[in-house]
Amino acid sequence: QVQLVESGGGLVQAGGSLRLSCAASGSIFSIFRMGWYRQAPGKQRELVATITGSSNTNYADSVKGRFTISRDNAKNTVFLQMNSLKPEDAGVYYCNAERAYTSAGLISNAWGQGTVVTVSS
């Protein structure tokens, strides 16, 4: 089992910043890729950013230049620094772990419970 716990969401004014954190636990040896997805009300969940263990990153076009994803492999933690936030960035942000190698075997995909980001205009 892999448990993902997000933190750092909250209410911020447009133009402000937030930093999200996600810690993975559960007898984990390594995680191939970690990332952030978000879901706005009435919309499908969408990719925000991902990062591999070798620090290869991928960003949605809508957040490039404003968001930065990073991770601490030793602590199985991923971060999302969000700057210049816009109202359209609001939603529930979910942490994802892809291909986690654990003492119980390979976990192909795991999700956190989500943290809410609200951006006021």
Side-chain angles (χ1 to χ4, degrees):
Q1 285 279 13
V2 173
Q3 293 83 38
L4 301 174
V5 178
E6 303 104 332
S7 61
L11 171 64
V12 64
Q13 287 189 330
S17 298
L18 281 175
R19 180 176 169 87
L20 305 183
S21 299
C22 171
S25 62
S27 300
I28 299 169
F29 300 130
S30 65
I31 301 174
F32 170 66
R33 180 160 39 218
M34 299 186 75
W36 292 94
Y37 292 72
R38 68 187 180 192
Q39 187 167 18
K43 294 188 176 182
Q44 288 189 331
R45 191 175 299 187
E46 63 177 3
L47 178 146
V48 176
T50 62
I51 184 168
T52 67
S54 53
S55 298
N56 291 316
T57 58
N58 181 44
Y59 293 93
D61 288 342
S62 60
V63 307
K64 283 180 181 177
R66 300 187 298 122
F67 291 12
T68 301
I69 190 169
S70 60
R71 68 186 279 181
D72 182 336
N73 290 330
K75 296 182 179 180
N76 292 317
T77 301
V78 63
F79 307 95
L80 185 68
Q81 178 66 43
M82 305 187 293
N83 298 328
S84 302
L85 282 159
K86 304 175 181 180
E88 52 264 41
D89 293 318
V92 181
Y93 281 68
Y94 296 93
C95 179
N96 173 261
E98 180 185 346
R99 274 186 270 166
Y101 295 88
T102 76
S103 60
L106 174 65
I107 307 298
S108 59
N109 221 358
W111 292 93
Q113 293 297 309
T115 185
V116 178
V117 172
T118 305
V119 184
S120 63
S121 56

How long is the gap from [atom1] on [X] to [atom2] on [Y], to the nearest 0.5 Å?
X	Y	atom1	atom2	value
I31	I51	CD1	CD1	12.0 Å
R38	R45	CZ	CZ	13.0 Å
S62	E88	OG	CD	8.5 Å
Q81	L18	CD	CG	8.5 Å

> With a 4.5 Å limit on heavy-atom distance, are the side chains of E98 and T50 in contact?
Replying inline: no
>> In the structure I gave you, are the side-chain heavy atoms of E6 and L20 within less than 4.5 Å of one another anywhere?
In response: no
>> Run the side chain to side chain contact (heavy atoms under 4.5 Å, CB included) test against Q1 and tell me which residues pass, sequence neighbours left out.
In response: Q3
Heavy-atom closest pair, residues [X] and [Y]:
X	Y	answer
S17	N83	OG-OD1, 2.9 Å
A97	L4	N-CD1, 3.7 Å
R71	R33	NH1-CA, 3.9 Å

Scan [range] for pairs that pass disulfide bond (SG atoms under 2.5 Å apart), counting only residues two or more places apart or in two chains.
range	result
residues 48-121	C22-C95
residues 31-88	none
residues 45-78	none

> Do side-chain atoms of Y59 reach the backbone of I69 as a donor and acceptor pair under 3.5 angstrom?
Replying inline: yes
>> Between N76 and A24 (side chain of the first, backbone of the second, donor and acceptor by atom type, cut-off under 3.5 Å), is there such a pair?
In response: no
> Hey, is CD on Q13 packed in by over 12 heavy atoms from elsewhere, all under 6.0 Å?
Replying inline: no
> Do V63 and V12 share a hydrophobic cluster (ILVMFWY, side-chain heavy atoms under 4.5 Å, transitive)?
Replying inline: yes
>> Do M34 and Y37 sit in one hydrophobic cluster, given that two such residues count as connected whenever their side-chain heavy atoms are within less than 4.5 Å of each other, even indirectly?
In response: no
For residues 106-121, which side-chain donor-acceptor pairs fall under 3.5 Å, sequence neighbours excluded?
residue : atom : partner : partner atom : Å
N109    : OD1  : N96     : ND2          : 2.7
T115    : OG1  : G9      : N            : 3.2

>> Check this for me, if you would: do D61 and K64 make a salt bridge, where the nitrogen-to-carboxylate-oxygen distance has to be below 4.0 angstrom?
In response: yes
> Can you pull the ring-ring contact (aromatic ring centres under 6.0 Å, His included) pairs that have at least one residue in residues 78-106, sequence neighbours excluded?
Replying inline: none
